[in-house]
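First up is the structure itself, then whatever we jot down about it.
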Amino acid sequence: MRNGIRRRRTAGRGFTLIEVMIVIAIILALASLIGLALFNRFGEAQENITKIQMKTIEDALKNFYLDFNRYPTDEEGLTVLWSSTNLENPEDEDKWSPYLEEPSPNDQWDNPWGYRQMSEYGDESNYDLWSNGPDGEEGTEDDINSWSDSEAGEETFD
């Protein structure tokens, strides 16, 4: 009779396979929800970092304009903001200073920045600066740019 009592106590102490599987399923469901939320936040963070980088480049472009009374040409590109080797006029090297502390040739998704000296979207005396966004394709909804949205009349980036 003692053996029968011991068996019941031992069996009552452990978890059944179904209980363990239910706990694992709950943990997996919670992990997937948390993972999805973090993934969405990661995308937002990359977009915000790109906007901050764009603002830094815009400030550097304004400082370049103050020194040279023009924005960099398309041939000079954004490279002239951190290196004087692309200056079209060698005489300008005396006025040049680094406008960005570190080179920033690519956006957060490792795509090259888009730059145009003469704006096609806003004031022609201004420039166009854009990132093609996560998909790397120009002209899609995920692009981040420095000009106003022509349809809505609202600024897409300040």
Quick check against the 3.5 Å criterion: does [X] have a side-chain atom that pairs as donor or acceptor with the backbone of [Y]?
X    : Y    : result
W113 : S104 : yes
W96  : V80  : yes
D92  : F68  : no
D128 : E120 : yes
Y127 : L61  : no
S131 : I144 : no

- Using a 4.5 Å cut-off on heavy atoms from C-beta on, say whether the side chain of W109 contacts that of D135. no
- Task: Compare all side-chain heavy atoms of E58 with those of S146 and state whether any distance is below 4.5 angstrom.
- Result: yes
Closest approach of [X] to [Y] (non-hydrogen atoms, all atoms of both residues):
X    : Y    : value
L129 : W147 : O-CZ3, 3.8 Å
L81  : P72  : CD2-CG, 4.4 Å
E88  : E76  : N-OE2, 3.0 Å
P105 : P103 : CD-C, 3.5 Å
D74  : Q117 : OD1-N, 2.6 Å
T50  : D107 : CG2-CB, 4.2 Å

- Query: Any side-chain donor paired with an acceptor under 3.5 Å for D143 and T140?
  - Reply: yes
More than 12 non-hydrogen atoms from neighbouring residues, nucleotides or ligands closer than 6.0 Å to [atom1] on [X], yes or no?
X    : atom1 : result
E75  : CD    : yes
L33  : CG    : yes
E102 : CD    : no

[X] with [Y], same ILVMFWY side-chain cluster at under 4.5 Å:
X   : Y   : answer
F42 : I34 : no
L36 : L30 : no
Y65 : W82 : yes

- Electrostatic pair K51:E47 at N-O distance under 4.0 angstrom: yes
State the [atom1]-[atom2] distance between [X] and [Y], to the nearest 0.5 angstrom.
X   : Y    : atom1 : atom2 : value
E44 : N48  : CD    : CG    : 7.0 Å
M54 : T56  : CE    : OG1   : 11.0 Å
L17 : I22  : CG    : CD1   : 10.0 Å
I52 : Q108 : CD1   : CD    : 9.5 Å

- Message: Against L78, only a single residue in F64, Y99, Y115 fulfils side-chain contact (heavy atoms from CB on, under 4.5 Å); can you say which?
- Response: Y115
- Query: So N132 and E137, side-chain contact (heavy atoms from CB on, under 4.5 Å) or not? Walk me through it.
  - Reply: CA-CA 5 Å; N132 291 330; E137 295 181 27; 5.8 Å; no
